[in-house]
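Notes to accompany the following structure.
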Amino acid sequence: MNNIILLAPPAAGKGTQAGLLKEEYGIPHISTGDLLRGARNSNSENSKIICKMQDEGKLVPDELVLELLKERLDNDDCKNGYILDGFPRNIEQAKKYETLLEDLKLPLGLVILIDLDREIAKNRISGRLSCPQCGKIYNSNITELNPKNGNICDECNVELKHRSDDDASTYDVRYNTYLESTAPLIDYYESKNVLFRVNGNASKEDIYNEIKVIIDNNK
Ligand code: AMP
């Protein structure tokens, strides 16, 4: 099984697709946003930096992200592949990631770009909700992603939360950060012949099926 990097603008559905792929292929979904959110409450200097940068929609310093990622990738469950969501966010991180892969003796694998119009993504975030326990993502603006009962997780029965950085003005900052820092990765990975594009304006099922074909054809 290949390692998979999901590349996309914020709120393009990376988390939703990663959750489905995790079930299908039995490999872990590693979200650097989630790893960082998990480190927000540690009461250290680093946690203050993480809270500030995440709440403002800006990128957390590379070394903090790399440290959390290295620890996570070193786990045995990553040996047969994993889905990386939210990393790398810039060329610098991509290069440091390659060094990390060499150390851990892991292959680069595939990069899947979920391409999406800015306004569609922006509309999605106002309804986005996630489960604080299992991380499953719902959306009150998209019928197929509605929770079954009010604001309660279908799986864990706990109340769903709206992310603190999911508002329209923070979205603009996050999208601009994506354009400036992350979008150059498209050319970077294209030149390495590992990039595959899917249409993120399509339905959740269609995006998922497109991604599955790419993965299955490149095992
Ligand atoms: P995400 O959950 O991927 O939308 O990320 C939410 C926030 O976490 C981002 O706006 C950044 O503040 C931070 N973050 C997540 N991944 C990274 C990364 N690879 N590098 C720097 N900051 C990150």
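When a residue number appears, it is its place in the shown sequence, counting from 1. For ligands, and for the atoms within them, numbers begin at 1 and follow the listed sequence. FYI, side chains are in, hydrogens and waters are out, and symmetry mates aren't considered; it's all heavy atoms of this structure.
The distance from ligand 1 to the heavy atoms of Gln54 drops below 4.0 Å at these ligand atoms: 7 (C), 8 (O), 12 (O), 13 (C). Here is the list of ligand 1 atoms found below 4.0 Å of a heavy atom in Gln93: 18 (C), 19 (N), 20 (N), 21 (C). Taking every non-hydrogen atom of Gly33 and a distance limit under 4.0 Å, the qualifying atoms of ligand 1 come out as 2 (O), 5 (O), 15 (C), 16 (N). Against a heavy-atom cut-off of under 4.0 Å, Arg37 is close to the following atoms of ligand 1: 2 (O), 6 (C).
Tyr138 belongs to a hydrophobic cluster whose remaining members, ordered by chain and number, are Leu129, Leu160; membership requires side-chain heavy atoms of ILVMFWY residues under 4.5 Å apart, directly or through intermediates.
Of the candidates Arg163, Arg174, Glu92, Arg40, Arg163 brings a heavy atom nearest to atom 6 (C) of ligand 1. The residue from Met53, Arg89, Glu56 that puts a heavy atom closest to atom 10 (O) of ligand 1 is Arg89.
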message: Pair Asp77, Arg72 - check salt bridge (charged side-chain N to carboxylate O under 4.0 Å, His left out), show working.
response: CA-CA 9 Å; Asp77 66 341; Arg72 182 64 188 89; 2.8 Å; yes
message: What verdict does the side-chain hydrogen bond (donor to acceptor under 3.5 Å, both in side chains) test give for Tyr188 and Asn90, after you've listed the backbone C-alpha separation in whole Å, the side-chain angles of each residue and the deciding distance to 0.1 Å?
response: CA-CA 10 Å; Tyr188 180 80; Asn90 55 38; over 6 Å; no
message: Apply side chain to side chain contact (heavy atoms under 4.5 Å, CB included) to residues Ile137 and Leu145 and explain how you reach the verdict.
response: CA-CA 8 Å; Ile137 295 161; Leu145 292 179; 5.7 Å; no
task: For the pair Glu45 and Lys48, evaluate salt bridge (charged side-chain N to carboxylate O under 4.0 Å, His left out) and give the outcome as yes or no after the intermediate values.
output: CA-CA 5 Å; Glu45 256 332 286; Lys48 285 184 202 142; 3.1 Å; yes
task: Decide salt bridge (charged side-chain N to carboxylate O under 4.0 Å, His left out) for Lys95 and Asp62; before the verdict, give the C-alpha distance in whole Å, the side-chain angles of both, and the deciding distance to 0.1 Å.
output: CA-CA 11 Å; Lys95 289 183 176 161; Asp62 290 354; over 6 Å; no
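Nearest non-hydrogen protein atom to atom 22 (N) of ligand 1 is Val60 N, 3.0 Å. Among protein heavy atoms, the minimum distance from atom 16 (N) of ligand 1 is reached at Thr32 OG1, 2.8 Å.
When heavy-atom distances to ligand 1 are checked against a 4.0 Å cut-off, Lys58 comes that close only through its backbone atoms N, CA, C and O. Proximity of Val65 to ligand 1, defined as any heavy-atom pair under 4.0 Å, is confined to the side chain (atoms from C-beta onward).
Counted by atom type alone, Tyr171 and Asn123 present zero donor-acceptor pairs between their side chains at under 3.5 Å.
The distance criterion of under 3.5 Å between nitrogen or oxygen atoms is not met by Phe87 with respect to ligand 1. At a 3.5 angstrom cut-off on N or O pairs, Leu36 does not count as close to ligand 1.
Across Pro132, Pro147, Cys131, Ser130, a single residue satisfies side-chain contact (heavy atoms from CB on, under 4.5 Å) together with Cys153, and that is Cys131.
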